[in-house]
Amino acid sequence: MSREPDAARARAREIALRVGNRFVEAAVLVGEAGGTTTMTVPRDHAIPILEALRVAGFDYLVDVTAHDTLKLEEPGEERFCVHWIVHAYGLDARIHVRAWVPEDDPRVETASVLWKAALWGERECYDMYGIEFDGHPDLRRILMPEDFGAFPLRKDYPLKGRGERDNFPVITRDKA
Amino acid sequence: MADDYREPVSTGLAPAAALPYAEFGDRAISLEPGVGGRTMVLNFGPQHPATHGTLRVVLELDGEIVRRCDPEIGFLHTGFEKLGEFRTLNQFITVTDRMNYMSAMNNNVGFAIACEEMLELEIPERAQLIRVIMCELGRIADHILCVGLQAMDLGAFSVMLWSFIEREKLYDIFEMTSGGRLTTSYGRVGGLAFDLPDDVVPRIRDFLEKVPAVIDEIEKMLIGNRIFRDRTIGVGVLPREAAISHGVTGPMLRATGVARDLRRDRPYSGYETFDFEVPVRNDGDCFARFEIRLAEMREAVSISLQAIERLRPGPFNALDHKVTLPDKDDVYTKMESLIHHFMLTMPGHGPEVPKGEFYSATESPNGELGWLIVSDGTAIPYRVRVRPPSYYNYSSIAVMVEGGLISDLVAVLSSLNIIAGELDR
């Protein structure tokens, strides 16, 4: 029971299909999840497809995030799924773009050339999952300390941590 | 009135990019702008009083001009999203309070609505009206504090004290309603934790009748104030394109001329039945954000009064006891209710949740508060992603600050209403 009006959903679906048809070789999967039109795309084609959406009027990147499928009963194609939620102010429509990213090579191209919002969204995604965004101008950790050794939102990282809380490096006055 | 005041004069300096940059970290000090291109690096925060929380900004200064601004965040990171993967939906509501302690009600209700959309649950009208009242009171609490602090940072201390008096009254109302002042935990998936007590309603009505006079007073105190105008008009301008590109939402976006309000565009809790305006300003500066907040408080007063008029006795929770707890009296006397209670509260049980990915957003006082829930079909969500408005709003700070004076940074920071709990989660 999504609050997206039917007209907005129809518009989003139409654009998703049109953009998907332009990238025949990418075999874009257009579907619906929780009332939002979704596009599942191969990661090599994620940025060209997002760019096509940007050109089609999707000027607002709502969020960039990811999830780790490690402990799902029905795992996805790869371990990580990166999500881009985009919205078009002019068309008043929303599309949810997803791409699978493998564990051994967790990288995908940056969307920060299309939307400035991706600058911080991708930094957080890297901070929490270790997914690298190629071409990002400043891919540093943003919420966790710089010297934190793990990616805390991965499913193999325990809730109570690995003792980082008690083992912060101590710098005394005479050593500084 | 406005004609008597001069427009702020441009500093006449070349834009930041045109000047030769010193290496970031070079500690040479220049006293006059542009002398030899030498700059000074200044660490601002995280314990500076003007940062209102734990914000740290590393500034590269050329005289008093900010050439580069590098915000550093994460000091209040608490791992709320990780915690969400180990808590049931209703347990997570207590966590949403801690994200935005200025308007906890809006966060409680926002998350409950996201869950209800996932569970396809209908909410009774009384619960919806109480939610609207509480959300709008939360909006007033949030905006009035922001306006007060904005004035305080620019030297008008009494405005902050007036706004604190009103906030105190609101917290008394929240305490009477939910038992908590800051962390209310009042929303529940499927309705509310308790019904609205009868003696609160006259108190809310009394507050709503008196608060417009305070808003007027604040407006009179500041809107014609020479110092306030000089320090906010044309200061911290966020162009519309930059705002949209940075994903800025809420009052900050509406101050740049984009009339986007999820209460009107994607109505929830019956907002479509209320009569209200979405205030918009075009300047995108600190003063426009201040004006928007004042106008939104007046709208919030009007919406709450309309909701109080329509308040009738009735159930405050969805009657689907596969999701909401049954009445405590029934639990003691009826087997059916006892089973429902057991099934909802014991670990490993809980409501039936569909599998899939669900995104839902509500209009919190700072902007679009979104929740991406990835569900694996159990009562505990597999992944909860918060789309925090403060996070994306704050990412645009460099646009507003670079090229301006360092004292303008204080004016800009206080006009953004960044809540560190939500920024860092």
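Sequence lines set the chain letters: A, B, ... in the order given, protein chains first and strands last, and positions in each chain run from 1. Here the structure is a predicted model, which is why all the values come from computation and not from measurement.
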Report task. Identify which part of A:Arg54 has an atom lying under 4.5 Å from any heavy atom of chain B, answering side chain, backbone, both or neither. Result -> neither

Query raised in the report: Can you pull the side chain to side chain donor-acceptor pair (under 3.5 Å) pairs that have at least one residue in residues 368-380 of chain B, sequence neighbours excluded?
Result: A:Tyr60-B:Glu368, B:Tyr359-B:Glu368, B:Asp376-B:Thr378

**Report entry** Minimum heavy-atom distance B:Ile73-A:Trp120, with the two atoms named
**Finding:** CD1-CZ3, 3.8 Å

Requested in this report: Sort by residue number and list every member of residues 84-91 of chain A having a non-hydrogen atom under 4.5 Å from chain B.
Outcome: A:Ile85, A:His87, A:Tyr89

Query raised in the report: Within a reach of under 6.0 Å around CD1 of A:Ile171, are more than 12 heavy atoms found that belong to other residues, nucleotides or ligands?
Result: no

**Report entry** B:Glu272, CD: over 12 other non-hydrogen atoms inside 6.0 angstrom
**Finding:** yes

Query raised in the report: Which one of A:Asp127, A:Val62, A:Leu119 has the most heavy-atom pairs closer than 4.5 Å to chain B?
Result: A:Val62

**Report entry** Sub-4.5 Å side-chain heavy-atom contact between A:Lys116 and B:Val399
**Finding:** no

Query raised in the report: So which of A:Gly161, A:Ala33, A:Ala117 has the largest heavy-atom pair count under 4.5 angstrom toward chain B?
Result: A:Ala117

Query raised in the report: Is A:Glu25 atom CD crowded by more than 12 heavy atoms from other residues, nucleotides or ligands, each under 6.0 Å away?
Result: yes

**Report entry** Within residues 240-249 of chain B, residues adjacent to chain A where the heavy-atom gap is under 4.5 Å
**Finding:** B:Ile244, B:Ser245, B:His246, B:Gly247, B:Val248, B:Thr249

Query raised in the report: Got a second to check how far B:Arg385's CZ is from A:Cys125's SG, nearest 0.5 Å?
Result: 8.0 Å

Query - Donor-acceptor contact present, side-chain B:Arg425 to main-chain A:Leu143, <3.5 Å - result: no

Query - Winner by heavy-atom pair count (cut-off under 4.5 Å) against chain B, out of A:Pro145, A:Ala118, A:Gly121 - result: A:Gly121

Query raised in the report: Do you know the tightest heavy-atom contact between A:Tyr129 and B:Arg383?
Result: OH-NE, 2.8 Å

**Report entry** Contacting moiety of B:Phe86, where chain A heavy atoms sit under 4.5 Å
**Finding:** side chain

Query raised in the report: Taking every heavy-atom pair that is under 4.5 Å apart, which of A:Leu159, A:Leu61, A:Asp59, A:Thr36 has the most such pairs with chain B?
Result: A:Leu159

Query raised in the report: What distance do A:Glu4 atom CD and B:Arg266 atom CZ have between them, rounded to the nearest 0.5 Å?
Result: 4.0 Å

Requested in this report: Find the distance between CG (A:Leu72) and NZ (B:Lys355) and round it off to the nearest 0.5 Å.
Outcome: 8.5 Å

Query raised in the report: Relative to chain B, which segment of A:Asp92 carries a heavy atom at a distance below 4.5 Å: side chain, backbone, both, or neither?
Result: both

Report task. Sort A:Ala66 into side chain, backbone, both or neither according to what part of it lies under 4.5 angstrom from a heavy atom of chain B. Result -> backbone

Query raised in the report: Are side-chain heavy atoms of A:Thr65 and B:Leu372 found at a separation under 4.5 Å?
Result: yes

Report task. Heavy-atom distances under 4.5 Å only: say whether B:Tyr394 touches chain A with side chain, backbone, both or neither. Result -> both

Report summary line: Looking only at B:Gly377, B:Pro267, B:Pro354, B:Ser396, the option with the highest number of non-hydrogen pairs under 4.5 Å against chain A is B:Pro267

Query - Atom pair CE/NZ of A:Met128 and B:Lys82 - distance to nearest 0.5 Å - result: 10.0 Å

Requested in this report: Look up atom CD in B:Glu81 and atom CG in A:Leu153, then write down how far apart they are to the nearest 0.5 Å.
Outcome: 6.0 Å

Query raised in the report: If contact means a heavy atom pair closer than 4.5 Å, which residues of residues 386-393 of chain B contact chain A?
Result: B:Val386, B:Arg387, B:Tyr391, B:Tyr392

Query raised in the report: Does A:Arg3 come within less than 4.0 Å of B:Asp265, counting only side-chain N to carboxylate O?
Result: no

Query raised in the report: Can B:Glu72 and A:Arg141 be counted as an ion pair, charged N to O under 4.0 angstrom?
Result: no

Query - Which portion of A:Glu32 sits near chain B, non-hydrogen atoms under 4.5 angstrom - result: neither

